[in-house]
Amino acid sequence: MSVLFKAFKLLASHRASILVPPRSEVAVGLIASLGGWQVGLGIPTQVAVVRSMRVLFQEGPPAFLAALRTIPLPGLPALLVSLALMLAMIGLSGGWIATALALVAKKPINDQTWPGGLSCGKRILEWNIALLIWLALIGLFGCQLGLLVIRSGLVASPATSFLAIPSLLSFGGIVIWTLLLSFATYYLAISCIGTVVVVAEPQRKFWSLFGRVPRVFLATASWQGLGELLLLLIAWWCLKTAGSQLLLPFGPIGMGSPALAYSVIGMIFWSGLAVGDALFIMLVIMMAAITYYQGISRLGEQ
């Protein structure tokens with residue numbers, strides 16, 4: 001049975017326990033409130049993005065590039081709300097991770113499960129900050145390596161060999177993006193399972209996690225879960241991108257009640273996509289919890 005199917009089955013059969021665990025009602029309300037503010041404040045930017053995507057398919061790449069320049073940047077309130085939502089989700093994620101671990105291990109979920117996960121909030125934040133710094137350094141190294149390839153090729157090529165320049169640029173670009181994609185994929189896997197390890201093993205020293213997490217992840221002896229996660233991420237992104245087109249009418253709808261009704265329906269639909277984001281995150285947490293228990297089981301620690 002695939003990791004994705006197991007996670008989906010657990011989430012479907014225990015949706016109330018994982019979405020709103022005991023003593024998490026205030027946290028759920030806070031995240032829902034911040035999410036609502038984010039949706040409302042981000043509508044102008046999202047509408048411009050929807051229009052630019054239509055320009056891409058209707059008028060081609062040149063017009064699309066011009067449309068991108070017209071997209072308004074999110075205002076300060078939108079940025080602050082997004083930052084607050086991100087910090088709240090990171091800080092409170094330990095509660096949901098602890099609940100997911102209990103479900104996978106078939107342990108009872110009681111009033112202590114949620115607070116027990118929240119106690120690891122500081123370590124989760126530190127883990128994510130450390131990984132982001134690591135990823136940024138790797139990305140910088142990859143970019144510098146690609147630029148070195150390009151510059152070396154351009155300097156070594158005679159001035160008359162102008163036909164080699166596109167090939168060198170393409171090769172340099174391939175090097176950069178291959179490195180970034182490889183390390184971004186590895187970061188995705190490590191960060192997902194790593195956050196679970198932080199909560200599952202609170203007694204472990206923080207710096208030892210950087211050796212422990214890859215050991216648990218690689219012990220699963222399969223990248224199936226990661227492949228399913230990437231496919232799920234791509235599928236959800238495509239669905240959201242296609243669904244966001246419904247925010248704007250494809251033809252004239254007039255003024256008055258029809259326009260008002262369409263605006264209300266569009267806002268409700270976009271809020272539904274935000275709820276879908278939350279369900280997607282829960283599914284990822286369940287997949288990470290399953291992967292963790294598979295890893296420690298094969299290490300003989302369960």
Side-chain angles (χ1 to χ4, degrees), residues 18-20 24-53 67-97 117-118 120-137 139-140 180 184 187-188 190-192 194-195 198-199 229-230 232-248 263-285 288:
I18 185 64
L19 294 177
V20 189
S24 69
E25 294 79 6
V26 175
V28 172
L30 173 64
I31 290 179
S33 177
L34 290 173
W37 277 97
Q38 185 187 46
V39 169
L41 294 172
I43 283 294
T45 300
Q46 186 58 43
V47 167
V49 172
V50 170
R51 286 174 175 160
S52 67
M53 292 300 295
L68 286 179
R69 300 189 185 98
T70 65
I71 296 178
L73 296 175
L76 181 60
L79 293 175
L80 291 177
V81 168
S82 297
L83 178 62
L85 179 61
M86 181 186 69
L87 292 176
M89 291 182 66
I90 292 175
L92 298 172
S93 63
W96 279 289
I97 292 172
L118 289 185
C120 300
K122 181 181 177 182
R123 281 165 60 90
I124 292 174
L125 182 60
E126 292 172 346
W127 172 258
N128 281 274
I129 290 175
L131 286 181
L132 285 174
I133 294 174
W134 174 80
L135 183 63
L137 292 174
L140 180 62
L180 291 180
Y187 165 76
L188 180 63
I190 293 300
S191 61
C192 286
T195 309
V198 168
V199 177
L229 176 58
L230 291 176
L232 182 65
L233 179 62
I234 293 171
W236 176 241
W237 181 85
C238 292
L239 180 63
K240 277 196 68 174
T241 301
S244 64
Q245 293 296 315
L246 298 178
L247 281 173
L248 294 177
S263 299
V264 173
I265 293 172
M267 179 63 75
I268 293 174
F269 178 77
W270 187 247
S271 300
L273 290 178
V275 174
D277 285 335
L279 293 175
F280 174 81
I281 292 173
M282 294 301 171
L283 191 59
V284 171
I285 289 175

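Everything numeric in this text was worked out from a predicted model, so none of it was measured. Computation of the quantities below employed the complete heavy-atom set of this structure, encompassing side-chain atoms and omitting hydrogens, waters and symmetry-equivalent molecules.
- Open room surrounds CZ on R51; 12 or fewer heavy atoms of other groups in view lie less than 6.0 Å from it.
- When all heavy atoms of P72 and P44 are compared, the pair lying nearest together is CG-O, 4.2 Å.
- What you find for S244 and L273 is that their closest heavy atoms are N-CD1, 4.3 Å.
- Considering every non-hydrogen atom in both W236 and D277, the closest pair reads NE1-OD1, 2.7 Å.
- Q46 is linked by a side chain to side chain donor-acceptor pair (under 3.5 Å) to nothing, counting only residues two or more places apart in sequence or in another chain.
- By the 4.5 Å heavy-atom criterion applied to side chains, V26 and L30 are not counted as neighbours.
- In this structure the side chain of I71 reaches within 4.5 angstrom of the side chain of T45, judged on heavy atoms.
- The shortest distance between side-chain heavy atoms of V199 and W96 does not fall below 4.5 Å.
- Here the side chains of L19 and L279 are in contact, with some heavy-atom distance below 4.5 Å.
- Atom CD1 of I90 sits about 7.5 Å away from atom CD1 of I129, to the nearest 0.5 Å.
- Residue L87 holds its CG atom at 7.0 Å from CG of L125, rounded to the nearest 0.5 Å.
- Nearest heavy-atom pair, Q38 versus V81, reported as atom, atom and distance to 0.1 Å: N-CG1, 3.7 Å.
- Remark: L34 CG to L80 CG distance equals 11.5 Å, nearest 0.5 Å.
- Note: I97 CD1 to M282 CE = 10.0 Å, rounded to the nearest 0.5 Å.
- Annotation: side chain of L233 is not in contact with side chain of W237 (no heavy-atom distance under 4.5 Å).
- Expressed to the nearest 0.5 Å, how far CG of L283 lies from CG of L232 amounts to 5.5 Å.
- Minimum heavy-atom separation, C120 to V198: SG-O, 4.0 Å.
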